[in-house]
Structures are given as structure tokens and as C-alpha cells.
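Heads up: the structure comes next, in C-alpha cells.
As the structure is a computational prediction, the values presented were derived from the model and not from experiment.
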Amino acid sequence: EYQTTGQLQILLNTQVTELLTTTTTTSTTHDSTTDPSMTRTTAVTGVKAQQPATTDQEVESFVLPAHHVVLATGGFAASHINHHNRPSSSSTSTKATKQASLLAQHAPHDYYLQLPYTVGDFSTGDGVVLGTNVGASMVDMDQIQIHPTGFVGDDDDDSKRQPQPQSSQSKILCAEVLRGVGGILLDATGQRFVDELGTRRQVTQRMLEQWKDRTSNSDSNIVPPPFYLVLPEAGAAQAGQHVGFYTWKQLLHKCHGLNELAEYFNGKKKKESVTAIDKDTLQGTLTRYQESARRGQDDFGKTVFPHPFSEDLDTETFYVGQVTPVLHYCMGGLAMNAKGQVLKSGDDDNSDDNKVIPGLYAIGEVTGGVHGENRLAGNSLLECLVLGRIVGQGIPIAAFPSRVVEHSEYHASGRLESVVGGHSQDPGDETGRQPLAVQAQPRT
């Protein structure tokens, strides 16, 4: 509806490079040049953007004026991988990409920079950088969640169903439900090492302890050692569609009996520099697990054993996949209030009105301060959907139609020649401002 009336325009392959601002100075006296109590207020008034160059034209830069700018750019878990290899549409770095990787700046440990991630390659923290470039405050930037299990695909798998091979830094999450219904975790030698039903932090810590020797130097190519999830048939049946999807994606492999399970690990050895896990080792590990389940406790403190493996391991059907710790969520980001308004950095005035950067909002993972040290499951719906709805309801939508801007109608310089829309004369009036509908002057 909004697209057809021109009230909403979606620009693909477009990068916002800068937030536009205007600064006003106010004073309690007539002579603002000498008044020590004068204040300066910076408001966001739009964005500068660019579209990639084609073979026959230069980079197209243009300005989009707006009374309200909402940042919804995601987190920064992929910033360390993409920072030096991101596609650039000009020979000059944009203001949003000049700074060093946010993960390198704020991660509490060096090994964070060597972990893959479950987010998309877009999660490079551009929104955080754009905000801080206009004086926004950040909060909890060192709080970055590691999930213990992301699936590792096979490099030699040419199936279109497996778009994320082992060499890819972006991983598909291995949901905790697989451990919840009876999946166990094995290390590279075929041994269990943790209570699989422990918290994310507990399981991850045990995995990282095994990785300690590999992270003792600065080699950025070091990867975590292999870990494996093994699930019994009864647990797979309870997990239902999860197992069906992961098997279809060829991230979980179905093995009939202990012999096929051992063949899976021998095949992994042929492809990778890992220690073979033979049938006897697997049988010993699984037998000890069965004994612990009967006893009601194991050496790692586990007391609940959903769907232990069948007594006859040669007739059991196993589902197995390689997993690795992954960066999963950034709890830190731009500081904002309950209305989604971005807050200033370093402001001594504690009044809410003076903390806000007028015209700038943030929703989703680009924000910080909601979760503290650890995000729990679906709680990200708060800053994504709830806060998004609050911001959306608080920003008025222009009630008039406007022609949709075609890419071909932009000037070579990208400058929008005219804007139409109702707005108050005072650009700092949060209650009176209306969003501008943008309209391009046709190229002549």
C-alpha cells in the first residue's frame, strides 16, 4: 500500500554513508557569542547514500532529507571478517567504514575475532558507526554472546541445499533443542566433555578450554578444533522438523548402526587434519553414557538424560553433525530510551530531553542495554518488534501520495532536486515534524 502511493521507497544495493545533521545554538541572553550558558543542539536531518558503480557510470551519491531516521542495521558480529574485504563503490572509504572493526575494538578476548558467526555478512556494525559519528552513545559493547553450536558444512558438498560450506564464516545455528532431546557432544577424540544441558555459557566455556592451545598465538587463520553432536533416533523423532531441516541441508547425517557412525568419522579424517575416531572409542563413549543414564548422574554433573541411546548400538539410528562455537548476538550497541530515540554521548545534563539526538532512532540489534550480559532465547523480540512498533507508531506517516523515485531519474551527482511534504517551521519540534516524502527532478 505505502509503496504504491510513494510513501515508501525501497532502494536496493544502496549504502548509507553518512547521517546528515544541522546544529542550532540557543541562549538565554541576546548575545549568544558571549553567553556561557548557550547550548548547541545537533539534529539528524537525513542521510547521504550511494549506489555501486556500474561498468559505464560513476558511483552515484545522493542525499535523502528526512525529519526521522531509524537505524535498523543489525549487530556487528561479522565486522572482523568483512572489514577489510567489504565491497567498495568508490576509491575513498566512506565515513561508515573508516574506523577499525567494532569487534576488534570491543571484544573482551582475542579469540572472538577467530570465531565464525550465525548472523549475515551484513552485520558489520555500520549503524553503530553512523550513530557515533554524530555523537551517539554506546552501551555494553563488550557483551557479545557466543552460542556453543553452529553447524559446520562440508567444503566438497556441491548441493544447493548446503549454501554454507566449512570454509564459510557464516554458520547455521544448531538449535539447543537437539541437545535438549538427547543429543550429546563429542570432542575430536570421540569423548564427551560437558553436561550438554548446561547453559550456553557453561557449554561454550568447556569447548573453549579445549581450544586454548590453538589460540595462544596471533595467527588469525586458527580455527576451533572439531566438535560433534550425536543424536539418537528417539530424540530425533521428538525434535521433528528441526532434524528434518538439518538433514535436508546435509548438516546432520543419518547413520544406521555403530559401523556407519564410525565410517562417518573416518570420512571426516580423510577430508580434514583430525584424529580418527574408531568404532571401539565410540562404543566406549556411548556405553559409558548409557551407564550414567541408568545411574542418574555422570562425571559432568548431568542428572537428566532424555532418550538415552538404544542398548543395542548396532541397531540404533544416529544423526551426527560437526559443530563449532559461534558469535550469535551482540547485546551492545547504540544507547536509546524507551521510545527508541538514540542518546547523546558524554552529556552531563541528566534530563531526558537533552540526552536525545533529535531525529535519530534505533531498533533491533543495533541497540544496546536491553539484555545486559546475556540475551535469553526470544528476548530479542523486545528491541526488534516491540521497540520497532513503538518507534513506528511514534513517527507520523505523511498522508499524501508522492511519485516513486526511479533510479534512472537521479542526477549523476545523485542530488534530489526537490522535496515535498508538510512540516513545522521549527525543525527541533519533535511533536510537529512530519516525515518528508522525497521526489527527484527528472534528468534532462
Margin query: Could you tell me if the side chain of L20 sits less than 4.5 Å from the side chain of V63, heavy atoms only?
Written below: yes
Next item on the list: For residues C330 and A77, report the shortest heavy-atom separation together with the two atoms involved.
Entry: SG-N, 3.6 Å
Item checked: Distance, nearest 0.5 Å, that separates OG1 of T45 from CG of L64 -> 11.5 Å
Note to self: side-chain contact (heavy atoms from CB on, under 4.5 Å), that's the test. Do R201 and E373 meet it? Break it down for me.
What the structure shows: CA-CA 11 Å; R201 181 171 294 180; E373 292 186 355; 3.9 Å; yes
Next item on the list: State, without any angle test, whether S345 and S137 hold a side-chain donor-acceptor pair at a distance under 3.5 Å.
Entry: no
Next item on the list: Test L334 against T367 for side-chain contact (heavy atoms from CB on, under 4.5 Å), laying out the working first.
Entry: CA-CA 4 Å; L334 296 176; T367 66; 5.5 Å; no
Margin query: Tell me whether T132 contacts the main-chain N or O of G135 through its side chain, where contact means a donor paired with an acceptor under 3.5 Å.
Written below: no
Margin query: Less than 4.5 Å apart, side chain to side chain, heavy atoms only: is that true for F318 and P232?
Written below: no
Check: If you measure only the distance, is there a donor-acceptor pair under 3.5 Å linking the side chains of T42 and T23?
Finding: yes
Next item on the list: Using side-chain contact (heavy atoms from CB on, under 4.5 Å) as the criterion, point out the one residue from T324, L252, V326 that pairs with F151.
Entry: L252
Notebook entry, point to check: Which pair of non-hydrogen atoms, one from M331 and one from G372, has the smallest distance, and what is that distance?
Noted result: CB-O, 3.6 Å
Checklist line | L173 and H328, any side-chain heavy atoms less than 4.5 Å apart | finding: yes
Next item on the list: Report the C-alpha separation of Y361 and N337 in whole Å, then their side-chain angles, then the decisive distance to 0.1 Å, and conclude whether the side-chain contact (heavy atoms from CB on, under 4.5 Å) test is met.
Entry: CA-CA 9 Å; Y361 302 79; N337 62 16; over 6 Å; no
Notebook entry, point to check: Are the aromatic rings of F227 and F193 close, with centres under 6.0 Å apart?
Noted result: yes
Margin query: Measuring from atom OG of S79 to atom CG of L327, what distance do you get when rounded to the nearest 0.5 angstrom?
Written below: 9.0 Å
Next item on the list: Taking Q145 for its side chain and R375 for its backbone only, find out whether a donor-acceptor pair lies under 3.5 Å.
Entry: yes
Checklist line | Gap between atom CD of Q341 and atom NE2 of H68 - 0.5 Å precision | finding: 10.0 Å
Note to self: Looking at every heavy atom in both L130 and L71, which two are closest together, and how far apart are they?
What the structure shows: CD1-CD2, 4.4 Å
Next item on the list: Assign the ring pair Y228 / Y264 to parallel, tilted or perpendicular, where the plane angle (0 to 90°) is split at 30° and 60°.
Entry: perpendicular
Note to self: For the backbone of C174 and the side chain of T149, can you confirm whether one donor and one acceptor N or O come within less than 3.5 Å of each other?
What the structure shows: yes
Check: Once the angle between the rings of Y246 and H242 is folded into 0 to 90°, is it parallel (under 30°), tilted (30 to 60°) or perpendicular (over 60°)?
Finding: tilted
Check: More than 12 heavy atoms of other residues, nucleotides or ligands under 6.0 Å from CD of Q241: is that the case?
Finding: no
Margin query: Between H371 and E383, do the side chains contain a donor N or O and an acceptor N or O under 3.5 Å apart?
Written below: yes
Note to self: Does any part of the side chain of F76, heavy atoms only, come nearer than 4.5 Å to the side chain of S123, both counted from C-beta?
What the structure shows: no
Note to self: Tell me the closest heavy-atom pair linking K254 and Y319, and the distance in Å.
What the structure shows: CE-OH, 3.3 Å
Note to self: Determine whether a donor-acceptor pair (N or O, by modelled atom type, separation under 3.5 Å) exists between the side chain of E196 and the backbone of L185.
What the structure shows: yes
Checklist line | Residues which pass ring-ring contact (aromatic ring centres under 6.0 Å, His included) with Y112, listed by chain and number, not counting sequence neighbours | finding: none
Note to self: Quick check against the 3.5 Å criterion: does Q202 have a side-chain atom that pairs as donor or acceptor with the backbone of T199?
What the structure shows: yes
Margin query: Just checking D142: does its CG atom have more than 12 heavy atoms from other residues, nucleotides or ligands closer to it than 6.0 angstrom?
Written below: yes
Notebook entry, point to check: Rounded to the nearest 0.5 Å, how far apart are CG of L115 and CG of L113?
Noted result: 8.5 Å
Notebook entry, point to check: Do L19 and V69 come close enough that some side-chain heavy atom pair is under 4.5 Å?
Noted result: yes
Check: Heavy-atom distance under 4.5 Å between the side chains of V320 and L231, does that happen here?
Finding: no
Next item on the list: Give the C-alpha distance, both sets of side-chain angles, the deciding distance and a yes or no for side-chain contact (heavy atoms from CB on, under 4.5 Å) between V44 and H67.
Entry: CA-CA 7 Å; V44 172; H67 284 316; over 6 Å; no
Item checked: Residue pair H147 / R200, side-chain heavy-atom distance below 4.5 Å -> yes
Note to self: So that I can tick it off, tell me whether D187 and R192 are bridged by a salt bridge, with the cut-off set at under 4.0 angstrom between side-chain N and carboxylate O.
What the structure shows: no
Check: Taking all non-hydrogen atoms of both residues, which atom of Q51 and which atom of T14 are closest, and how far apart?
Finding: NE2-OG1, 2.9 Å
Next item on the list: Rounded to the nearest 0.5 Å, what's the gap from CZ on R206 to CD on E209? Could you check?
Entry: 5.5 Å
Next item on the list: Flag the pair I363 / V391 as yes when at least one side-chain heavy-atom distance between them is below 4.5 Å, and no otherwise.
Entry: yes
Next item on the list: Measure the spacing between CD1 of I146 and OG1 of T118 and express it to the nearest 0.5 Å.
Entry: 11.5 Å
Item checked: Shortest non-hydrogen contact between T124 and D121, atoms and distance -> CG2-O, 3.5 Å
